[in-house]
Structures are given as C-alpha cells and as structure tokens.
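Any value given below was found using the heavy atoms of this structure, including those in side chains, with hydrogens, waters and symmetry copies removed. Computed from a prediction, not measured in an experiment: that's the story for all the values here. In listed order, ligands and their atoms are each counted from 1.
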Amino acid sequence: MSVESYQLYIDGKWVSTPDSYEIRSPATEELVATVAKGGVEHVDAAVAAARRAHESGVWRNTSPEDRANLLLDVAERLGAKADQLAALQTRENGATIRITGALHIGLSIAQLQFLAVQSKDYEYETAGPAIEPIPAEGIVRREPVGVVAAIVPWNIPYLTTIWKIAPALAAGNTVVLKPDEHAPLCGLELAKVFDEAGLPAGVLNVVTGDGEPVGKYLAGHPGVNKVAFTGSTVVGKSILRDSADTVKRVSLELGGKGPNIILDGADLDTAIDGSIFAAFANNGEACEAGTRLLVPRERHDEIVDRLVERAATLRVGDPLDPATNVGPVISETQQSRILEYFRIAAAEGAKAVLGGGVPAGPQFEKGYWIEPTVFVGVDNSTRIAREEVFGPVVVVLPYDSIDDAVKIANDSDYGLSAGVWGDEATAREVANRLDAGMVFVNDWHVIHPAYPFGGFKQSGLGREGGLHQLDEYTEAKFVSVNKSPGPEARAFAIVIDPA
Ligand code: NAD
C-alpha cells in the first residue's frame with residue numbers, strides 16, 4: 001500500500017512544515033501516511049489568506065448558483081473516488097468499510113447535493129412589507145459571516161467537515177479547516193478535490209495540528225468571525241470561552257449519552273437488533289449512539305439475555321473486511337480511557353455480561369481493540385451511565401413505568417439523541433417528552449440532509465444540516481430605504497421635532 005505525504009493547504013498552495021508526523025492504522029499499526037504538522041504561524045497565514053479572499057470578494061461576489069455548481073462538481077469528484085477515500089478513511093480511523101463508504105462518504109455527497117439545491121433557492125435578499133408611515137421599503141439580506149473556522153473530530157471526519165464547510169462556502173464565506181490530529185487525511189483529501197474543482201485560492205485553507213495550541217489558537221483568533229465545532233463537550237466549552245473576547249458566532253456539536261427506550265410490547269427481535277446498531281455502529285464512536293438501554297424492569301433479564309446472545313455474534317476484526325461489524329478504537333489513549341471506564345463501572349457495581357476488556361487472539365496483538373461490551377446492575381446515577389465513553393459499550397437500565405423511563409432518559413447533562421422502540425402511537429408520545437435534538441422511533445442513526453443534526457443541553461449549540469443551515473453561516477442585514485426622505489417622514493419623527 002502506498003504511503004503518501006500530505007502538506008498543509010494555505011492560500012491555494014501546498015505548504016510544508018518543519019515537523020511532520022505519522023498516521024498509523026489503529027487496526028494494524030501500519031504506516032498509512034505522513035502529515036505536515038501545523039503550528040500557530042500556519043493558523044496566522046491561513047486566517048490571513050481567508051480574510052484576503054473574503055475581502056477581495058473573489059468568492060462572496062460570485063452568484064449563489066455558481067457556488068452551488070462548484071459544490072455539485074465536488075460531489076461528483078468525491079463520488080468518482082468514493083471507494084478509494086472510504087478505504088483510506090478505514091485505514092486511518094478504523095471505522096468499518098461498510099460504514100465509511102455509506103455513511104462517511106455517501107452522506108457527505110448527499111449533503112453537498114442537497115445544499116447545492118437549497119442554496120440556489122435560498123433567499124439571499126428578501127423584500128419585506130412596506131414600513132408605514134414613512135413610507136419605506138424594507139429588505140433583509142443574508143450576507144456571509146466572513147472567515148469561518150471549522151474544527152472537527154476524528155470519528156466521522158468527512159460528514160462533520162462537510163456539514164460545516166459546505167454551507168459556509170455555499171453562503172460565500174471563506175474557511176480555515178482544522179482536522180483532528182488523528183484523522184487529518186479527510187480534510188486534506190477534500191482540499192485536493194475543492195482545488196481541482198477550481199475553488200479560488202484562500203477560500204478554503206487546511207491547517208493540521210494538535211488541539212492545543214493549533215485548535216485553541218484558531219478558536220480565539222481575532223481574524224475569525226465564526227467557529228463551527230464538532231467534538232467533546234469539554235473542548236466545546238473552552239471554545240465558547242476562547243471565542244468570547246471577539247464575540248464570534250459559535251456552533252457546537254458535542255457529546256451525547258443517548259437513552260434508548262424499549263417499550264413493553266415492542267417487537268424484541270427488531271428492538272434488540274436496532275439497539276445493537278444504535279450502540280455499536282462506527283465502533284461505538286458516534287456522538288448520537290444509543291448508549292443507555294432502558295428496558296421494562298420485568299423484562300430486563302429476558303432482554304439482556306437476547307441482547308447478549310445477538311451482540312456476541314458481532315464480528316470484531318479487520319475494518320477493511322466487509323464482513324466486519326466492529327473495528328478497533330482510534331488510539332491507544334482512547335483504548336486506555338475506555339478500559340479505565342470499565343474499571344470505574346466495576347467499582348460502581350456494574351457487571352459486564354458481555355465483553356468488558358480487550359479481545360483475545362493473534363489478530364488483536366497489534367492495534368487498539370475493545371470487545372463489544374454490555375453492562376448491567378447499575379442505575380442512572382453512576383458514571384458509566386452518565387459519562388460519554390465513546391467506544392462499543394452500552395449500559396442497560398431498568399425502568400418501572402413510562403413516566404419513569406422518560407425521567408431516567410432526561411436525567412442527563414446531554415440531549416443529543418434518543419430513541420423509542422414499540423407501537424408507533426405510544427412511541428411518538430414518548431418521543432415528544434424526550435429532551436433530545438434527535439429522536440429515532442423504531443430506528444437509529446437516521447441522518448438526512450433535510451433534517452437538523454444537533455443537541456439540547458450540553459450536547460451543543462445550533463444545528464448542522466436541515467432546512468435552516470444557511471442561516472447559521474449568514475448574518476441578517478436589514479436595509480431600510482426611505483422612499484420620501486425629509487424631516488416629516490422619519491421613522492421616529494416624533495422623537496425629534498422637525499426643524
Ligand atoms: P475533541 O473535542 O478532543 O477534539 C475535537 C477537535 O477539537 C479536534 O480537531 C481537536 O484537535 C480539537 N481541539 C482539542 N482541544 C482544543 C481546544 N482547546 N481548542 C480548540 N480545538 C481543540 O473530541 P474527539 O475526542 O476528537 O471527538 C470525540 C467527541 O466528539 C465526542 O465527545 C463526540 O461525542 C463528539 N462528536 C460530536 C458530534 C456531534 O455532532 N454532536 C459528532 C461527532 C463527534
């Protein structure tokens with residue numbers, strides 16, 4: 001397998017740095033690529049390039065149609081090399097090839113295509129009602145915010161990047177992208193594609209590097225107008241603080257601890273299968289995963305037995321093998337963090353009825369592996385039930401009534417996703433009572449460009465995708481035009497008497 005060396009992308013040029021580092025497969029520890037390591041000086045250069053491009057009007061003064069057509073061109077180019085990019089993504093972050101193709105790349109293409117149509121129809125300038133009694137005409141313009149910093153995580157890098165840079169670019173902004181240090185290849189591959197599609201220099205810039213200093217410096221940079229972030233809640237809070245001095249616009253997609261309620265009377269084959277999908281898809285490294293499984297107390301043992309029996313059939317192994325269900329976790333650090341949660345859970349009285357450690361076997365000697373794990377025997381007050389583990393782990397919590405299930409579900413600092421399995425009428429009533437940005441009824445991981453992705457409470461601020469996504473990347477400017485100027489016809493003539 002060839003090993004490519006990647007550089008930073010600043011002002012339309014590929015830029016080398018004194019330092020570079022290796023990306024190794026979390027499954028095999030084989031070298032996947034070498035990547036230039038950016039520093040704060042590269043952030044300065046990238047922000048300066050983005051600001052020059054913004055101020056020159058080279059991008060914002062193009063028509064929405066031309067910008068949308070470029071997004072469509074990018075979607076087509078991504079589609080043409082989707083298999084290659086999916087395999088690279090799998091080698092880089094260990095997500096299974098089933099999911100990198102369909103979800104990481106496929107949904108990114110769908111998002112670009114949807115946004116192109118949406119942007120062509122977007123009301124960049126709207127005339128409102130006449131302003132009486134002046135008389136005046138009122139216009140609302142939606143103008144680009146300016147320079148957008150996009151800071152993204154490693155778990156679903158394509159989609160979390162496209163969710164930000166596509167609406168930002170569609171609306172005429174310029175962008176500095178900071179990919180995650182563990183999975184920077186997606187951002188750099190996207191830069192290649194946008195470059196090939198003819199995006200003017202400086203409109204998209206990519207600076208790799210660590211969260212600190214690079215991400216932090218970018219989030220606080222006075223040349224940045226908006227920060228769009230996906231990642232952990234702890235870093236999201238620090239970004240809010242760092243962006244406060246210059247009152248940046250901020251959107252945050254943060255962590256979750258999704259409650260997944262199986263109603264009494266739900267079809268258990270469907271609910272259990274779906275709950276496994278909810279918890280273990282993308283190796284459990286999904287912010288919207290269903291990681292707290294709420295079951296009727298009297299059916300707890302039966303459901304746990306069936307869940308364990310079914311989850312034990314998951315194939316853990318080579319993420320490039322299409323038969324694999326669960327691949328490695330991203331890094332040794334993340335593996336240690338998950339194992340530490342297993343120790344915490346045991347100390348809290350939880351029992352692992354499936355997994356609870358590192359799988360055994362020669363194929364797991366290299367790389368960072370965690371067994372699909374099911375915990376029972378604790379309540380919602382424990383750390384294993386409250387904190388985001390971000391691995392293939394689910395905790396089963398019994399409930400006594402629907403009211404009790406809703407109470408447990410909502411008893412969380414997070415509010416990203418939730419789900420309900422059961423008859424549609426009851427499930428929808430329960431769905432309406434859940435404090436979550438996304439509720440899946442008889443399904444999970446439903447992500448569609450037309451619907452907003454994001455959370456209540458400490459799961460975030462703002463939404464990605466959906467019908468209002470361009471509002472998040474534009475400022476509303478009200479322009480009033482007095483049609484009969486003169487002292488008698490001012491809006492508030494009454495406040496100052498006409499001379
Ligand atoms: P993370 O917060 O550690 O890192 C995310 C990004 O922020 C990386 O690019 C990192 O370099 C950067 N960063 C780190 N410290 C920074 C700082 N002080 N200032 C600015 N940037 C900084 O998150 P992670 O561990 O890489 O990703 C997993 C987290 O992302 C989980 O909590 C998960 O729930 C969340 N996530 C949320 C969504 C969502 O849409 N809600 C989607 C995917 C992942």
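Here the two rings, on Trp154 and Phe390, have centers that are under 6.0 Å apart. If you look at Trp444 and Phe277, their ring centroids are not closer than 6.0 Å. Aromatic pair Phe456/Tyr414: centroids not less than 6.0 angstrom apart.
Between Lys37 and Asp210 there is a salt bridge, since at least one side-chain N of the basic residue sits less than 4.0 Å from a carboxylate O of the acidic one. We find that Lys457 and Asp413 are not joined by a salt bridge, their nearest charged nitrogen and carboxylate oxygen being 4.0 Å or further apart. A salt bridge links Glu464 to Lys164: one of the charged nitrogens lies within less than 4.0 Å of a carboxylate oxygen.
Near ligand 1, Ile151, Val152, Pro153, Trp154, Asn155, Lys178, Pro179, Asp180, Glu181, Gly211, Glu212, Gly215, Lys216, Phe229, Thr230, Gly231, Ser232, Val235, Ser238, Ile239, Glu253, Leu254, Gly255, Cys287, Glu388, Phe390, Leu416, Phe453 each place a heavy atom less than 4.0 angstrom from the ligand.
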